[in-house]
Amino acid sequence: MLISGRGSNLQSLIAAAGASYRIILVISNVEGAAGLEKAGAANIPAMVIPHAGKSREVFDAEVDAALRAAGAELVVLAGFMRILSDGFVRGWEGRLINIHPSLLPGYKGTKVHERVIEGKEALSGASVHFVVPELDAGPVIAQASVPVHPGDTPQTLAERVLGVEHKLYPEALTLLASDKVKLQDGLAVFS
Ligand code: GRF
């Protein structure tokens, strides 16, 4: 699992691990990320690989080497705030997933909740998707929606979306880990 911060999705994935997947390594690009403590509390090996002063390719190669040394089979991005190089993404094609706090393909990128409120949307939500080189553009594996309430702030909406993320991500990872979904010809194919 790759993280950069709080690690609430990491926590929910830890809680649901066991039957279909095991978390063998947590890597943060940010020292002191709260998620590192959550990994530690669950006895999951965790490490920091700082990105400062490195090219994207050098940083990604270090992450890739750590994942392969650990024997990782899948790579799960959970609040990982770095764009990964095309080379890294291709190297893990079909085995690399992310969660994004919008109903993709709407509202890719950052400041999602601000833009959803400005856009006067009635619904928002979360999407788990395969990662492809184009940002937040990979085929969707699973989505969950929530209402946007009048008077919502980016914070209140973010909390509501996060609530469904914590259920959605373990479900989507379970599908992938048990070969019930795969990336084929640019599509998420279910069996
Ligand atoms: C989540 O909202 C996720 O959708 C986005 O980053 C946030 C990470 O939160 N990609 P956490 O670190 O898992 O608590």
Side-chain angles (χ1 to χ4, degrees), residues 1-17 21 23-42 44 46-51 60 63 74-84 88-89 92 95-119 121 123-149 152-176 188:
M1 298 216 30
L2 306 189
I3 64 164
S4 299
R6 177 180 54 185
S8 70
N9 277 289
L10 167 64
Q11 187 73 69
S12 74
L13 289 163
I14 289 171
Y21 66 87
I23 302 173
I24 59 167
L25 178 64
V26 173
I27 301 174
S28 170
N29 64 316
V30 176
E31 203 147 343
L36 290 166
E37 282 172 28
K38 296 181 166 107
I44 298 168
M47 65 194 287
V48 176
I49 302 182
H51 62 266
D60 287 4
V63 172
L74 302 172
V75 181
V76 175
L77 309 183
F80 182 66
M81 299 305 287
R82 295 276 304 167
I83 291 175
L84 292 162
F88 183 95
V89 171
W92 290 94
R95 298 181 297 144
L96 173 61
I97 60 174
N98 181 43
I99 189 159
H100 182 77
S102 80
L103 293 174
L104 291 172
Y107 299 94
K108 296 171 183 167
T110 57
K111 297 202 188 300
V112 169
H113 307 298
E114 283 91 330
R115 290 187 287 125
V116 166
I117 291 168
E118 275 166 24
E121 301 288 352
L123 288 177
S124 191
S127 308
V128 177
H129 63 94
F130 285 110
V131 175
V132 300
E134 192 189 333
L135 189 68
D136 298 330
V140 168
I141 297 171
Q143 286 185 315
S145 53
V146 298
V148 181
H149 295 320
D152 258 339
T153 64
Q155 290 70 31
T156 58
L157 180 56
E159 275 170 35
R160 194 173 311 119
V161 171
L162 201 60
V164 296
E165 289 184 37
H166 294 160
K167 207 166 159 279
L168 188 70
Y169 216 178
E171 287 173 3
L173 177 55
T174 296
L175 285 178
L176 181 63

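For clarity, every value in this text was computed on a predicted model and none was experimentally measured. Sequential numbering from 1 along the given sequence is applied to the chain's residues. When a ligand or atom number is given, it counts from 1 through the structure's own listing order.
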Original post:
Counting only N and O atoms by type, is there a donor-acceptor contact under 3.5 Å from the side chain of S127 to the main-chain atoms of L104?
Top reply: yes
Identify the protein atoms, limited to N or O, that lie within less than 3.5 Å of an N or O atom of ligand 1, and list each pair with its distance to 0.1 Å.
| unit_1 | atom_1 | unit_2 | atom_2 | d |
| --- | --- | --- | --- | --- |
| ligand 1 | 2 (O) | E165 | OE1 | 3.3 |
| ligand 1 | 2 (O) | E165 | OE2 | 3.0 |
| ligand 1 | 4 (O) | E165 | OE1 | 2.8 |
| ligand 1 | 4 (O) | E165 | OE2 | 3.1 |
| ligand 1 | 9 (O) | R6 | NH2 | 3.0 |
| ligand 1 | 10 (N) | I99 | O | 3.0 |
| ligand 1 | 12 (O) | G7 | N | 2.8 |
| ligand 1 | 13 (O) | S8 | N | 3.4 |
| ligand 1 | 13 (O) | N9 | N | 2.8 |
| ligand 1 | 13 (O) | N9 | ND2 | 3.0 |
| ligand 1 | 14 (O) | R6 | NE | 2.6 |
| ligand 1 | 14 (O) | R6 | NH2 | 3.2 |
| ligand 1 | 14 (O) | S8 | N | 2.8 |
| ligand 1 | 14 (O) | S8 | OG | 2.5 |

**OP:** State which residues pass side chain to side chain donor-acceptor pair (under 3.5 Å) with R160; sequence neighbours excluded, sorted by chain then number.
**Re:** D152
Original post:
P101 and side-chain contact (heavy atoms from CB on, under 4.5 Å): which partner among V161, L157, V116?
Top reply: V161
Original post:
Which heavy atom in R115 sits nearest to a heavy atom in K108, and how many Å separate them?
Top reply: NH2-O, 2.5 Å
Original post:
Is the count of non-hydrogen atoms from other residues, nucleotides or ligands lying under 6.0 Å from E171 atom CD greater than 12?
Top reply: yes
**OP:** Check step by step if side chain to side chain donor-acceptor pair (under 3.5 Å) holds for H113 and S124.
**Re:** CA-CA 8 Å; H113 307 298; S124 191; 5.0 Å; no
